[in-house]
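Shown next, in structure tokens, is the structure this report addresses.
Note on naming: letters A, B, ... go to the chains in the order of the sequence lines (proteins, then strands), and numbering restarts at 1 for each one.
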Amino acid sequence: MARVLLFGRLADLAGWRDRAVEAGSLNGLRGVLAGVDPALGEALAGPGVQVAVDKTIVRGEAPLAAGSEVAFLPPMSGG
Amino acid sequence: MARVLLFGRLADLAGWRDRAVEAGSLNGLRGVLAGVDPALGEALAGPGVQVAVDKTIVRGEAPLAAGSEVAFLPPMSGG
Amino acid sequence: MTTPSKIALTSEPFEPGALLTAFCAGRDETGAVASFAGLARAEKGAAVALELEAYPGFTDTAIAAFADDAKTRFGLQDYAIVHRVGRIAPGEAIVFVATAAVHRRAAFEACDFLMDYLKSRAPFWKKEHGPDGGRWIEPTAQDRTDAQRWD
Amino acid sequence: MTTPSKIALTSEPFEPGALLTAFCAGRDETGAVASFAGLARAEKGAAVALELEAYPGFTDTAIAAFADDAKTRFGLQDYAIVHRVGRIAPGEAIVFVATAAVHRRAAFEACDFLMDYLKSRAPFWKKEHGPDGGRWIEPTAQDRTDAQRWD
């Protein structure tokens, strides 16, 4: 199980911001999320959305260990 | 009588900073001060020393009314 | 200076003046303390509240990495950064940055530099709540221009 | 803003943080408050005290004229300037400047501009007291360079 965190407009779109999801890789996780909520799946793949695994930005595919924290980060606005 | 104020190193040099002096003009006042203390007279005429009469900078000669306040201002250092 | 430089994210209102008092204490070799307080604007009623979201453990780490680089770049003795998160009412402080240096040029430039980063590139997500609801916003063109001054 | 901009010369120690608290109060349309505190340095014992002399009624008038021009030039909502006079111990505040504006660029630049003026051209006379006595000092080359940035 990975812990998935959504921020900003992604959380508003999904209607949740913190959920446990069964997935062994980032692409697998994207597939699960898109299967449940296609609009969210599209938004997660949209321009400017970055992904952090265990608080480190990753690009492309990555394996997920049990207990990994995966955060989807829309474009940052600054404070 | 004019009220004469000295600032910064001029006051240290003269040994006073506030004194009443009888004079009808700025040049007259300079003459009186130089007569009493030639080193001070020279310092007051030195480079960068400005004169304010009633808190307004004046250049050259100026008449002094009774009760005028004359301040000799060495180069300003900023705060 | 032995004072540790400090970054805090807080969901509670804070007082910039109190932070400045703490930051200035015991600084007999500092000379220059520059600071900046960003306050939420009411926009004559068009802004009801500002909502800022951070990712704890990611946002503060990113800010610390940036600020420690700035400390070296500008030769700071010290800095302090406090950033509000959550819902912020008009007039309340959003951010406070203070920088300490021997001379004022370094203190001013570092404070300005840190603010440009915090306002344009730091990992926050910002929602403006108006009378008709909320909207997520992105950096302004001015924010990008300000940040690029340092590149 | 209805807050009157304020200039004060004081022979008593003052607390920059307390001044910032007062300056920030009730500002729900401000957005940006930049401030600067100049503190006396001990110079590892080489500086025992700083002594600043002002000409009341002349110094404050000159500062006010300059600052009011700056307020217009940078579109400030408000400013506050408090300057210590007399004998100042290491670690004590010499000067505090705060500027309020809608956006941070104006607040920062105006604060920097006012400090350059205060440190280099404002009508003060400054004496540094060290272990071996005091000496009157004049603006440094850096002060003149800083001030000339704005000409």
Side-chain angles (χ1 to χ4, degrees), chain A residues 1-21 23 25-26 29-30 33 37-79, chain C residues 7-10 36-40 50-66 81-86 88 92-97 114-129 133-147:
Chain A
M1 298 290 277
R3 183 182 180 195
V4 180
L5 304 178
L6 303 180
F7 288 87
R9 60 174 163 79
L10 298 174
D12 280 9
L13 174 67
W16 54 271
R17 54 181 60 245
D18 186 347
R19 176 172 289 187
V21 178
S25 76
L26 208 45
L29 174 64
R30 287 178 183 277
L33 294 172
D37 183 342
L40 176 62
E42 194 174 331
L44 296 181
V49 175
Q50 295 181 286
V51 182
V53 175
D54 294 330
K55 301 191 171 71
T56 300
I57 297 286
V58 299
R59 299 187 198 283
E61 175 62 318
L64 296 179
S68 285
E69 182 177 283
V70 180
F72 290 93
L73 313 173
M76 296 155 186
S77 64
Chain C
I7 290 171
L9 303 176
T10 173
F36 182 86
L39 311 178
L50 189 68
E51 187 180 341
L52 279 176
E53 197 178 1
Y55 180 9
F58 178 86
T59 300
D60 41 336
T61 302
I63 294 171
F66 188 89
I81 297 174
V82 178
H83 211 295
R84 182 80 180 276
V85 294
I88 307 167
E92 290 182 348
I94 303 165
V95 58
F96 174 77
V97 173
L114 289 171
M115 276 307 307
D116 279 352
Y117 165 74
L118 289 166
K119 289 293 289 182
S120 66
R121 290 188 286 160
F124 292 100
W125 298 274
K126 180 161 45 182
K127 195 175 194 174
E128 288 178 355
H129 293 274
R135 69 185 183 95
W136 291 99
I137 58 179
E138 303 217 348
T140 66
Q142 182 65 48
D143 287 332
R144 295 190 195 280
T145 302
D146 286 348

Using a heavy-atom distance cut-off of less than 4.5 Å, which residues of residues 51-58 of chain C contact chain A? C:Leu52, C:Glu53, C:Ala54, C:Tyr55, C:Pro56, C:Gly57, C:Phe58
Would you give the length of the straight line joining atom CH2 of C:Trp136 to atom CG of A:Leu13, rounded to the nearest 0.5 angstrom? 12.0 Å
Hey, what do you get for OG1 (C:Thr59) to NZ (A:Lys55), rounding to the nearest 0.5 Å? 10.0 Å
Taking the side chain as C-beta and beyond, is there a heavy-atom pair between C:Trp125 and A:Pro74 under 4.5 Å? yes
Write down the atom of C:Ile94, the atom of A:Gly79, and the distance for their closest heavy-atom approach. CG2-C, 4.5 Å
Ignoring hydrogens and geometry, is there a side-chain-to-backbone donor-acceptor pair from C:Lys119 to A:Gly78 under 3.5 Å? no
Turns out that what part of A:Leu73 lies under 4.5 Å from chain C's heavy atoms comes down to both
